[in-house]
**Q** 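The structure under discussion is supplied below as structure tokens; questions concerning it will follow.
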Amino acid sequence: MLFAVKMDVDLPVEMDPEVKADTLAREKAYSQQLQRDGEWVHIWRLAGRYSNLSVFDVADNERLHEILWNLPLFPYMNVEVTPLATHPSDIALLRA
Ligand SMILES: O=C(O)C[C@H]1C=CC(=O)O1
């Protein structure tokens with residue numbers, strides 16, 4: 001199942017620099033492992049914002065929830081999930 005997920009990050013200005021660096025390092029490692037595993041298919045920076053637009057390919061809603069809930073930055077994020085369906089004009093469908 002494909003989902004588009006927009007993540008807006010809002011870190012507290014008073015956050016301890018060491019905690020911040022550790023959280024960002026864990027977030028990066030977690031994200032890159034899921035990308036290697038094929039569940040986190042795309043990650044794009046939204047230009048000019050501390051936000052990303054990502055595409056996930058996961059087994060079901062529960063798996064997506066588990067992935068998002070375990071993001072180290074989850075407590076500092078506003079997350080918006082949109083389920084995706086194929087578009088009838090997509091020329092990739094002609095090749096399938
Ligand atoms: O920077 C972000 O957009 C937040 C987050 C999502 C993956 C990652 O490595 O950082």
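Just so you know, these numbers use all the heavy atoms, side chains as well, and skip hydrogens, waters and symmetry mates. We're numbering straight along the sequence, starting at 1. First listed ligand is number 1; within each ligand, the first listed atom is number 1.
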**Q** Please say whether Ser51 places an N or O atom under 3.5 Å from an N or O atom belonging to ligand 1.
**A** no

**Q** I would like to know whether Lys6 and Asp8 meet salt bridge (charged side-chain N to carboxylate O under 4.0 Å, His left out); could you show each step before the answer?
**A** CA-CA 7 Å; Lys6 184 159 84 71; Asp8 300 309; 2.9 Å; yes

**Q** Please check if the side chain of Arg45 supplies one atom and the backbone of Ser51 the other of a donor-acceptor pair under 3.5 Å.
**A** yes

**Q** Residue-level breakdown please: for Arg45 versus ligand 1, do any non-hydrogen atoms fall below 4.0 Å on the side chain, on the backbone, on both, or on neither?
**A** side chain

**Q** Ignoring hydrogens and geometry, is there a side-chain-to-backbone donor-acceptor pair from Trp40 to His42 under 3.5 Å?
**A** yes

**Q** May I ask you to identify, for Phe74, whether its side chain, its backbone, both or neither come under 4.0 Å of ligand 1 on a heavy-atom basis?
**A** neither

**Q** Report the part of Leu24 (side chain from C-beta onward, or backbone N, CA, C, O) that has a heavy atom under 4.0 Å from ligand 1; answer both or neither where that applies.
**A** neither

**Q** Quick one: nearest non-hydrogen protein atom to atom 10 (O) of ligand 1, plus distance?
**A** Glu27 CG, 3.3 Å

**Q** State, without any angle test, whether Asp37 and Gln33 hold a side-chain donor-acceptor pair at a distance under 3.5 Å.
**A** yes

**Q** So if I count the atoms of ligand 1 from 1 in the order they appear, which ones are less than 4.0 Å from some heavy atom of Val9?
**A** 4 (C)

**Q** So, does Tyr50 sit close enough to ligand 1 that a heavy atom of it is under 4.0 Å from the ligand?
**A** yes

**Q** Heavy-atom contact check, 4.0 Å cutoff: does Trp40 meet ligand 1?
**A** yes

**Q** So does Asp22 pair up with Arg26, basic N to acidic O under 4.0 Å?
**A** yes

**Q** State whether a side-chain donor-acceptor pair under 3.5 Å links Glu27 with Thr23.
**A** no

